[in-house]
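Here the structure is laid out as structure tokens; the discussion comes afterwards.
We count ligands from 1, going down the list as the structure has it; atoms in each ligand are counted the same way. Throughout, residue positions are numbered sequentially from 1 according to the sequence presented. Just so it is clear, the model here is predicted, and its values are computed rather than measured.
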Amino acid sequence: MVCFTISQFFVLLLLLFAMTLHKGICGANTKLSCNGKDRSALLLFKHGVKDGLHKLSSWSNGEDCCAWKGVQCDNMTGRVTRLDLNQQYLEGEINLSLLQIEFLTYLDLSLNGFTGLTLPPILNQSLVTPSNNLSNLVYLDLSFNEDLHLDNLQWLSQLSSLKCLNLSEINLENETNWLQTMAMMHPSLLELRLASCHLVDMSPLVKFVNFTSLVTLDLSGNYFDSELPYWLFNISSDISHIDLSFNNLQGQVPKSLLNLRNLKSLRLVNNELIGPIPAWLGEHEHLQTLALSENLFNGSFPSSLGNLSSLIELAVSSNFLSGNVTSTIGQLFNLRALFIGGSLSGVLSVKHFSKLFNLESLVLNSAFSFDIDPQWIPPFQLHEISLRNTNLGPTFPQWIYTQRTLEVLDTSYSGLSSIDADKFWSFVAKIRVINLSFNAIRADLSNVTLNSENVILACNNFTGSLPRISTNVFFLNLANNSLSGPISPFLCHKLSRENTLGYLDVSYNFFTGVIPNCWENWRGLTFLYIDNNKLGGEIPPSIGLLDEIVEMDFHKNNLSGKFSLDLSNLKSLVFINLGENNFSGVVPKKMPESMQVMILRSNKFSGNIPTQLCSLPSLIHLDLSQNKISGSIPPCVFTLMDGARKVRHFRFSFDLFWKGRELEYQDTGLLRNLDLSTNNLSGEIPVEIFGLTQLQFLNLSRNHFMGKISRKIGGMKNLESLDLSNNHLSGEIPETFSNLFFLSFLNLSYNDFTGQIPLGTQLQSFDAWSYVGNPKLCGLPLPKNCSKQNIHDKPKQGGANESLFLGMGVGFVVGLWGVWGSLFLNKAWRHKYYRIVGHVEDWLYVFIALKFKKFAELRASSR
Ligand SMILES: *[C@@H]1O[C@H](CO)[C@@H](O)[C@H](O)[C@H]1NC(C)=O
Ligand SMILES: *[C@@H]1O[C@H](CO)[C@@H](O)[C@H](O)[C@H]1NC(C)=O
Ligand SMILES: *[C@@H]1O[C@H](CO)[C@@H](O)[C@H](O)[C@H]1NC(C)=O
Ligand SMILES: *[C@@H]1O[C@H](CO)[C@@H](O)[C@H](O)[C@H]1NC(C)=O
Ligand SMILES: *[C@@H]1O[C@H](CO)[C@@H](O)[C@H](O)[C@H]1NC(C)=O
Ligand SMILES: *[C@@H]1O[C@H](CO)[C@@H](O)[C@H](O)[C@H]1NC(C)=O
Ligand SMILES: *[C@@H]1O[C@H](CO)[C@@H](O)[C@H](O)[C@H]1NC(C)=O
Ligand SMILES: *[C@@H]1O[C@H](CO)[C@@H](O)[C@H](O)[C@H]1NC(C)=O
Ligand SMILES: *[C@@H]1O[C@H](CO)[C@@H](O)[C@H](O)[C@H]1NC(C)=O
Ligand SMILES: *[C@@H]1O[C@H](CO)[C@@H](O)[C@H](O)[C@H]1NC(C)=O
Ligand SMILES: *[C@@H]1O[C@H](CO)[C@@H](O)[C@H](O)[C@H]1NC(C)=O
């Protein structure tokens, strides 16, 4: 849990849900009661909808349908014209017979959980005859129904009045003809959004697609990996917004882009585009947005960009640009957002900013130095400033204090070591987000009161005791500093009662004393890291009140006592690390079903492995090593670690003791680990363990196990590390071992194995010490040759066994990432919020993760 850890991987971007909340639903504004035909069409639509949260409770027969939630009528005719059911947690079918409502012009069913769509017979025909005059629909938004699959979009060409179409986040992977289908749509189409639709083919060879009057095209977040297609540069004379960000587009930006004379916004962020950023882009005089960040562009920063006087946003960060930045950017007086980074360097002076009167976001993440007079008064008032990775230090610059509207301040990795404490803390108290991490700032925090929503001060040299926090603070990371003293004044302070803290990381400091029993004040905590300190005493009972907690880490302290807390009510807890303390008593039994990672290593836990662990269906990492646990392994425990089970997975970071080294292990989310080493366990190793096909790491060394290694071990295809040393295992080493292709660490030493080490397998590639201490074992790599009687004439192990195990992993891999995975990994989600969050970092993802949790609960309860 150094510094950032889990936050880094929480790419759960549900901010949209928060953002659209205020948008609300258009109510009705009429006295005229609604048309009977329209009402029954709506009721038939409702029939297919699963409405677990009763959002459509107003939709009942007796009422005027113009007063129903989301319905809007023409107040003269009483005919339904708009239906807006955006984000109502609806599931089930979208029955588009709804389109037979004659005067419906606006339909928004976005941000729901619909899983199917049925068409009325008249639309469900393969014969396409546009201009059927079938519907008056102008606006259709079905986006963000992620479980909706549409295999054929031809019916859309019959919606001849359509101007705006948004199908983002709908799965269109099997509509391979999407481009032609879209182009066949009536010339009325102005806006087309197909972001994150799993589209693969951008038809780079197609020369011409007639979109006639298209103004906005959003194809971001798909899987296009061709060069920019030819047709794009002749798509329509009106095109003004193109977004192809978050694809894998290749090649250079061709000069035909200049054909699109009306282009105002070009977004190509996060692709694999190469070559220089073309100087001729400076001829695109109408360009307001140019976003080319996160590509492979090299060469210098083209000074012609300084001519684009209409520019409002310029983003070229995270490329391989080198050299200086022309000071002509200082002339871009319309600029509101400037993102520059990569390998650019050189000295920035006030000239680079001289006319940036309208600048709101300044992000300079590269090794720039600054030649700026301390008395400089900038022409701008920024909302956001990020000078990460610059040579800003050693002193926090004076000019930043002139910025009175700052919401985000990021000066991490910028060589700061000194701040003017009197001025600094009261200044940052007004800023919503501050990140000063990875500097060498030495300052005493004892008398500081923090007030920002998100505070990241990790990896500095802050000293003194924990600062006070106001009730605004939601995210606090103080890891890796030199803070000391007790933590109880902070935790038991009276003010803490109304706090909103959700994330607290004080790991890697020098805190002493006990963990106080004041956790009833911190019921909103979701992530708690107090590991790697010098805290003693017991874990207090009020920890059990943290019913929102997802992860807690106490490892490497001097904590002791019997751990007898009942954590089974902490329904969201997925990660607990109690390792490297002095806890005693029996292995805790009362864990919630949500538990995924449980680490108790290096304590004094005793007794048996409780069968209650069998009720933890999501366990993927169990480390009970270096304790005093005895008895045998209950087989049920490990059938539960079986790979077939779905686990909604967080990205964890924890130490895996592998190959004797302590590695920080970033779990990929797919594989499972079991470490029971150095205990007093005995009996046979349950054969079920050798059936765990997703196990990656297995350590049962230094116990008293007896019996043989099952031949089934050949099915453990993902095994990378196996340590069974220092037990009393016997029998021969099964040659099915040769199926373990990923095995890179093996220790079978100090057992009673017999016979020959199977020849002609990778077993010979391990050192002899993998096998030493087995007097009856022979053959390479051991120096001892096998005599005749060691070598049995065994039947050759055929492919039959092998095929038994083949393919077992697939379901798991797919299932695992199912629900959350798509959110963690989906490029478009990241993209969607790029404009909002972008460079604003990981902490925000956590914030959003929390929001998502609420949403997930709502959805669950609506099932
Ligand atoms: C009908 O709606 C229009 C636009 O929404 C509004 O300006 C007008 O006042 C309304 N008329 C009545 C009678 O409510
Ligand atoms: C869709 O609605 C139409 C009438 O509007 C109805 O006839 C049809 O059965 C519905 N389809 C489904 C699958 O519910
Ligand atoms: C179209 O009709 C066919 C059969 O006529 C049916 O199987 C299919 O589900 C329909 N498609 C939609 C999207 O309604
Ligand atoms: C059919 O289309 C014409 C012209 O496009 C339009 O004036 C008319 O209102 C439409 N009729 C219906 C029923 O949508
Ligand atoms: C879908 O696209 C339309 C038109 O561009 C836009 O106004 C709307 O906000 C989008 N819907 C969502 C949920 O983002
Ligand atoms: C697309 O088609 C393939 C092959 O038929 C199928 O396996 C896959 O599930 C389909 N995808 C969707 C989203 O329907
Ligand atoms: C594009 O489509 C429009 C409307 O259908 C038509 O008028 C125009 O001629 C077409 N352009 C070309 C080059 O085919
Ligand atoms: C654009 O397409 C039209 C119609 O095919 C063609 O006449 C014209 O030459 C194309 N323009 C470019 C620059 O390719
Ligand atoms: C960048 O600017 C500095 C002076 O500010 C100059 O010494 C250096 O040569 C410039 N480098 C390039 C590549 O232009
Ligand atoms: C923190 O301060 C200590 C003692 O002054 C010093 O030895 C250490 O190098 C500092 N650490 C950093 C990262 O500057
Ligand atoms: C904190 O404030 C108290 C009371 O104002 C003062 O006595 C103490 O010296 C201050 N400590 C530091 C480190 O500034």
Side-chain angles (χ1 to χ4, degrees), residues 13-25 36-50 80 82 84-88 92-102 104 106-124 135 137-153 162-178 189-201 214-221 223 240-243 265 810 814 818 822 828-829 831-836:
L13 297 170
L14 267 273
L15 191 60
L16 188 71
F17 293 112
M19 282 169 24
T20 48
L21 273 174
H22 68 271
K23 192 172 160 187
I25 298 299
K37 243 167 67 186
D38 294 356
R39 184 200 301 116
S40 41
L42 289 171
L43 286 174
L44 281 166
F45 166 77
K46 185 189 176 186
H47 193 73
V49 175
K50 280 195 214 145
V80 173
R82 288 168 65 102
D84 183 351
L85 292 173
N86 136 2
Q87 205 196 353
Q88 296 299 314
E93 289 272 314
I94 298 174
N95 187 342
L96 278 187
S97 294
L98 199 60
L99 296 184
Q100 283 163 350
I101 297 179
E102 285 159 82
L104 190 69
Y106 183 100
L107 179 58
D108 184 354
L109 300 175
S110 63
L111 288 153
N112 284 295
F114 287 111
T115 50
L117 178 138
T118 39
L119 295 171
I122 188 160
L123 282 178
N124 188 3
S135 132
L137 206 63
V138 170
Y139 183 99
L140 178 60
D141 188 353
L142 302 179
S143 64
F144 292 89
N145 284 286
E146 289 138 69
D147 297 326
L148 192 58
H149 301 175
L150 300 181
D151 294 349
N152 187 330
L153 298 177
L162 209 56
K163 288 201 164 85
C164 287
L165 176 64
N166 192 343
L167 301 179
S168 297
E169 286 281 339
I170 291 181
N171 192 331
L172 302 181
E173 68 181 334
N174 288 340
E175 169 48 292
T176 46
N177 211 25
W178 65 273
L189 196 65
L190 301 179
E191 283 198 32
L192 176 61
R193 293 192 191 272
L194 300 177
S196 194
C197 289
H198 303 250
L199 299 173
V200 177
D201 185 5
L214 200 67
V215 174
T216 299
L217 178 66
D218 181 357
L219 295 173
S220 58
Y223 304 116
S240 73
H241 295 82
I242 295 179
D243 191 345
S265 166
V810 179
V814 174
S822 61
W829 275 101
H831 151 71
K832 203 79 202 166
Y833 306 102
Y834 183 77
R835 278 159 249 188
I836 313 149

| message | Any heavy-atom pair between the side chains of N152 and E175 that's under 4.5 Å? | response | yes
| remark: Atoms of ligand 5 under 4.0 Å from any heavy atom of S143, numbered from 1 in the order shown, are 11 (N), 12 (C), 13 (C)
| field | L123 side chain near L99 side chain, heavy-atom distance below 4.5 Å | value | yes
| Any side-chain heavy-atom pair of L148 and L117 under 4.5 Å | yes
Between ligand 2 and the protein, which N/O pairs are shorter than 3.5 Å?
unit_1, atom_1, unit_2, atom_2, d
ligand 2, 2 (O), N95, OD1, 3.4
ligand 2, 2 (O), N95, ND2, 2.3
ligand 2, 2 (O), S97, OG, 3.4
ligand 2, 11 (N), N95, ND2, 3.0

| Subset of ligand 6 atoms that lie under 4.0 Å from at least one heavy atom of N174 | 1 (C), 2 (O), 3 (C), 8 (C), 10 (C), 11 (N), 12 (C), 14 (O)
| Do L167 and L153 come close enough that some side-chain heavy atom pair is under 4.5 Å? | yes
| Short list, please: which atoms of ligand 5 are under 4.0 Å from a heavy atom of E191? | 4 (C), 5 (O)
| task | Side-chain contact test, heavy atoms from C-beta onward, threshold under 4.5 Å: evaluate it for L96 versus L107 and give yes or no. | result | yes
| query | Does S110, backbone or side chain, put an N or O under 3.5 Å from an N or O of ligand 5? | reply | no
| Heavy atoms, side chains only, cut-off 4.5 Å: are V200 and E173 in contact? | no
| message | Suppose I only count heavy atoms of Y139 and a 4.0 Å limit; which atoms of ligand 5 are within that range? | response | 3 (C), 6 (C), 7 (O), 8 (C)
| query | Less than 3.5 Å between some nitrogen or oxygen of N171 and one of ligand 6, yes or no? | reply | no
| message | At less than 4.0 angstrom from any non-hydrogen atom of R193, what atoms of ligand 5 do you find? | response | 2 (O), 4 (C), 5 (O)
| field | Side-chain touch K163/Y139, heavy atoms, less than 4.5 angstrom | value | no
| message | Can you tell me if C164 contacts ligand 5 (heavy atom of the residue under 4.0 Å from the ligand)? | response | no
| query | If you measure only the distance, is there a donor-acceptor pair under 3.5 Å linking the side chains of S143 and E169? | reply | no
| field | Atoms in ligand 5 with a heavy atom of D141 nearer than 4.0 Å | value | 1 (C), 8 (C), 10 (C), 11 (N), 12 (C), 13 (C)
| remark: Per-atom filter on ligand 5: closer than 4.0 angstrom to a heavy atom of N166 are 1 (C), 2 (O), 3 (C), 8 (C), 10 (C), 11 (N), 12 (C)
| query | Is the shortest heavy-atom distance from the side chain of L98 to the side chain of L42 under 4.5 Å? | reply | yes
| What part of H198, side chain from CB on, backbone N/CA/C/O, both or neither, has a heavy atom under 4.0 Å from ligand 6? | neither
| F45 and F114 aromatic ring geometry - parallel, tilted or perpendicular at 30°/60° bounds | tilted
| message | Taking atom NZ as the centre, does K46 end up with more than 12 heavy-atom neighbours from other residues, nucleotides or ligands that are less than 6.0 angstrom away? | response | yes
